[in-house]
*Asks:* 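Take a look at the following structure, please.
Chain naming here is simple, since letters A, B, ... match the order of the sequence lines and numbering starts at 1 in each.
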Protein chains: 2
Amino acid sequence: MPDTSRRADRLPGSRYGTRPTMKDVAARAGVGLKTVSRVVNGEPGVTPDTERRVQEAIDALGFRRNDSARVLRKGRTASIGLVLEDLADPFYGPLSRAVEEVARAHGALLINGSSAEDPEREQELALALCARRVDGLVVIPAGDDHRYLEPEIRAGVATVFVDRPAGKIDADVVLSDSYGGARDGVAHLIGHGHRRIGFIGDMPRIHTAAERLRGYRAAMEDAGISVEPAWTSLGVTDPERVRRAAEEMLSGPAPVTAIFAGNNRVTVTVIRVLAAFSRPVALVGFDDIELADLLHPGLTVVAQDAALLGRTAAERLFRQLDGTLLAPERIELPTRLVTRGSGELPPSQ
Amino acid sequence: MPDTSRRADRLPGSRYGTRPTMKDVAARAGVGLKTVSRVVNGEPGVTPDTERRVQEAIDALGFRRNDSARVLRKGRTASIGLVLEDLADPFYGPLSRAVEEVARAHGALLINGSSAEDPEREQELALALCARRVDGLVVIPAGDDHRYLEPEIRAGVATVFVDRPAGKIDADVVLSDSYGGARDGVAHLIGHGHRRIGFIGDMPRIHTAAERLRGYRAAMEDAGISVEPAWTSLGVTDPERVRRAAEEMLSGPAPVTAIFAGNNRVTVTVIRVLAAFSRPVALVGFDDIELADLLHPGLTVVAQDAALLGRTAAERLFRQLDGTLLAPERIELPTRLVTRGSGELPPSQ
DNA sequence: CTGAAAGCGCTTACAG
DNA sequence: CTGAAAGCGCTTACAG
């Protein structure tokens, strides 16, 4: 009983049919396989009459070229992968969309994957994408060791890291100036009279979190302020942890009078805490937030351009694929301080 | 001179190498191709010693199975496509992430594409995904005619529409109760004393916009209020158009005292207009918004669950692929009125 | 202008 | 337990 499963697929009423191939089209049009291929790909050297016959067969059969077979033969898949943390985060949506637009301009599709900030999952995803033979990979790293990608890069997979540098390998990276942005933001608070300033950030193993903390320390040191251990708190960004961190800094005999929030998730939670708090407390957040201007007071932020990060990275990826790119580079995009009120509040004690 | 391009690829210093294949691994391990395949796929029937030799060859050569070749032979690609409007919109990020999670649970990758609300681009994207032979397609339609998908569906591509129904074909659809949600929201405003209520929505060809307008009209009719033409405005959701629409409704001798905003983008712009407006105006928006509770007044919304829409659709897609699904169905998810202040303001005139 | 043969890198269906 | 042959649906490199 040969090949029953296949026959079952063809049963009328069965959901899954089999698709016509170029061979079917060729048979129906009474031409050779290569002629069909020429018509499908718009290659020259087919008489109008032959072309018409082939086209009719294509339409009658509902033929659509199987790009996965094509890819196998051609080498390039015209698809790229994007490994990010969480597509549901408002920072990554625009970034992903920007990567998609560049991919589209180069005729490539984009496969997205969320690592959920889990290094193992990042690796699993990135390697699955390589197994699909994506032409290139844009990675927002969760882990800090990317040696697992070395064989892939050697084999020709273009690779660009975004938002955070690669760990233990030399690769292109496009990121915002987290250090400088945080230093500016904290200096801004100091300029408005604050000295006891808190910093709440993401897990210290995340590069941006570490850099922003470094910027905070630099600004404090520039102003000759020595940082109390109680003023800094790094860890997961879930609301509970951040809320506790904020409440601790705001209590005690010498509470902070201002807070620098290390990213959009931290900022949102801190805003909620401060909204319910008795005294006014100044706040500057890293990352801009929708409706930030409509809060009371308006939210002062250190803004970075997520879409520009994505676009820059994707463009670099395709330049790698063009072969016009040489040594790995680090591209740092500037941040922008947007003052709206919360960062200009004076110290309340 | 045979195959020079290929040799160029192998040149030392060239970025693009060629990857080892199972054949290379077999040669190095001194075994047959099928034995390598067994080891790579964890199939039984290989002696520990043979397995070890194969594994050593795999590691030495840096072999990674080419899934696109595998896919060609197996039929299923273990990938699904998601065509949505814009990944940068906060409504679609969580939806996409939810689809991805379900895909992941089924061992599939997700290819995202943004239609930018352009029916042609939607079709181009959906068909490109079919050419890649995705196993299934989740589509948030931009257009209103999906007959172009009929051959694909017949050929076995599982298809589920989300947020808006398919046009001119019979297909699964998962959506929120736009009509009921809008009716509830408008009835809520009426319950707080409003009679001159404006409606600002998306383009009328978009199903959700039309349904929400219908809900608005139903609520007005239920209350015995006849709707003035000047009170409703449908069109593109760019800030300029929405701003003008709001300002017109709010001017003249009998301005509206409340506005129902048809989606998140409209709501955001209306909030900005009202923030700069002289009189208090009540507002209910369709779709929840981050920080809505921290505005003054808090924003009252008709909330829908984007992630649940995505999850429900994706689960249905995989049930189609399992073959456990029969006739196309329409699944409508309820909305939820969240009162926070802006919808409870009394009429100011 | 047209097409037959070989091959992309795997899996399938055998046979030993 | 192991492997040679055929084939998935295309493109490549030819030859006529």
*Asks:* Could you state the CG-C1' distance from A:D24 to D:dG9, rounded to the nearest angstrom?
*Replies:*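 Going from CG in A:D24 over to C1' in D:dG9 covers 10 Å.
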*Asks:* On the nucleotide C:dG3, are OP1 or OP2 found under 4.0 Å from the side-chain N or O atoms that A:T35 carries?
*Replies:*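 It does, given that an N or O in the side chain of A:T35 lies less than 4.0 Å from OP1 or OP2 of C:dG3.
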*Asks:* Can you run down the ring-ring contact (aromatic ring centres under 6.0 Å, His included) pairs that involve residues 93-124 of chain A, sequence neighbours left out, and say none if there aren't any?
*Replies:*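 As it turns out, the ring-ring contact (aromatic ring centres under 6.0 Å, His included) pairs with a partner in residues 93-124 of chain A, which skip direct neighbours, are A:H106-A:F318.
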*Asks:* Please determine whether any donor N or O and acceptor N or O are separated by less than 3.5 Å between the side chain of B:R70 and the base of C:dG9.
*Replies:*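 It does not, because no donor-acceptor pair links the side chain of B:R70 to the base of C:dG9 below 3.5 Å.
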*Asks:* Applying salt bridge (Lys or Arg N to Asp or Glu O under 4.0 Å), can you list everything that pairs with A:E101, at least two apart in sequence or on another chain?
*Replies:*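 Partners of A:E101 under the salt bridge (Lys or Arg N to Asp or Glu O under 4.0 Å) test: A:R97, B:R121.
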*Asks:* Can you sort out the partners of B:E51 under side-chain hydrogen bond (donor to acceptor under 3.5 Å, both in side chains), two or more places apart, ordered by chain and number?
*Replies:*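 If we apply the side-chain hydrogen bond (donor to acceptor under 3.5 Å, both in side chains) test to B:E51, skipping adjacent residues, there are no hits.
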*Asks:* Verify the contact: side-chain N or O of A:K74 to OP1 or OP2 of D:dT12, cut-off strictly under 4.0 Å; return yes or no.
*Replies:*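 A:K74 to D:dT12 OP1/OP2: side-chain N or O found under 4.0 Å.
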*Asks:* Sequence neighbours excluded, which residues qualify as side-chain hydrogen bond (donor to acceptor under 3.5 Å, both in side chains) partners of B:E56?
*Replies:*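 Only B:R52 meet the side-chain hydrogen bond (donor to acceptor under 3.5 Å, both in side chains) criterion with B:E56.
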*Asks:* Does anything in residues 36-50 of chain A reach DNA chain D, meaning a heavy atom under 4.0 Å, and if so which residues?
*Replies:*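 Heavy-atom contacts with DNA chain D come from A:S37, A:N41.
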*Asks:* Rounded to whole Å, how long is the line connecting atom CZ of B:R132 with atom C1' of D:dC10?
*Replies:*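 In whole Å, D:dC10 C1' and B:R132 CZ are 14 Å from each other.
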*Asks:* Under 4.0 Å between a side-chain nitrogen and a carboxylate oxygen: does that hold for B:E43 and B:K34?
*Replies:*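 Salt bridge present between B:E43 and B:K34.
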*Asks:* What parts of residues 57-68 of chain A reach DNA chain C, counting only heavy atoms under 4.0 Å away?
*Replies:*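 Heavy-atom cutoff 4.0 Å gives no residues at all.
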*Asks:* Let me know the distance between NZ of A:K23 and P of D:dC8, rounded to the nearest Å.
*Replies:*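 Computing the A:K23:NZ to D:dC8:P distance gives 6 Å.
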*Asks:* My understanding is that only residues two or more places apart in sequence, or in another chain, count here; which of them pass salt bridge (Lys or Arg N to Asp or Glu O under 4.0 Å) with A:R65?
*Replies:*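 Here the qualifying residues are A:D67.
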*Asks:* Nearest-nucleotide wise, let me know which of B:R133 and B:E51 is further upstream toward the 5' end of DNA chain D.
*Replies:*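 Checking each residue's closest nucleotide, the 5'-ward one belongs to B:E51.
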*Asks:* Rounded to the nearest angstrom, tell me the gap between atom CZ in A:R76 and atom P in C:dC8.
*Replies:*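 Distance, rounded to whole Å: 18 Å.
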*Asks:* Could you spell out the base pairing of DNA chain C in dot-bracket, with Watson-Crick or G-U pairs whose two distances are under 3.5 Å, [ ] crossing and | to another strand?
*Replies:* |||.||||||||.|||
*Asks:* When the distance from CZ of B:R73 to C1' of D:dC10 is rounded to whole Å, what number comes out?
*Replies:*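 To the nearest whole Å, that distance equals 14 Å.
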*Asks:* A:D145: what forms a side-chain hydrogen bond (donor to acceptor under 3.5 Å, both in side chains) with it, not counting sequence neighbours?
*Replies:*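 Result, side-chain hydrogen bond (donor to acceptor under 3.5 Å, both in side chains) vs A:D145: A:R147.
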*Asks:* Using the test side-chain hydrogen bond (donor to acceptor under 3.5 Å, both in side chains), find all partners of B:R38 that sit at least two apart in sequence or belong to another chain.
*Replies:*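 Counting only residues at least two positions away or on another chain, B:R38 forms no side-chain hydrogen bond (donor to acceptor under 3.5 Å, both in side chains).
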*Asks:* Identify, with sequence neighbours excluded, every residue that meets ring-ring contact (aromatic ring centres under 6.0 Å, His included) alongside A:F63.
*Replies:*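 Scan of A:F63 (ring-ring contact (aromatic ring centres under 6.0 Å, His included), adjacent residues dropped) gives none.
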*Asks:* Sequence neighbours left out, what passes ring-ring contact (aromatic ring centres under 6.0 Å, His included) with A:F161? Give chain and number order.
*Replies:*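 For A:F161, the residues satisfying ring-ring contact (aromatic ring centres under 6.0 Å, His included) (neighbours in sequence not counted) are A:H146.
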*Asks:* Atom NZ of B:K34 and atom P of D:dC1: how far apart are they, to the nearest Å?
*Replies:*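 Taking NZ of B:K34 and P of D:dC1, I get 14 Å after rounding.
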*Asks:* How close or far is atom P of D:dC8 from atom CE of A:M22, stated in whole angstroms?
*Replies:*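 Nearest whole value for this atom pair: 15 Å.
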*Asks:* Are B:E152 and B:R133 ion-paired here, with the side-chain N under 4.0 Å from a carboxylate O?
*Replies:*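 Salt bridge absent between B:E152 and B:R133.
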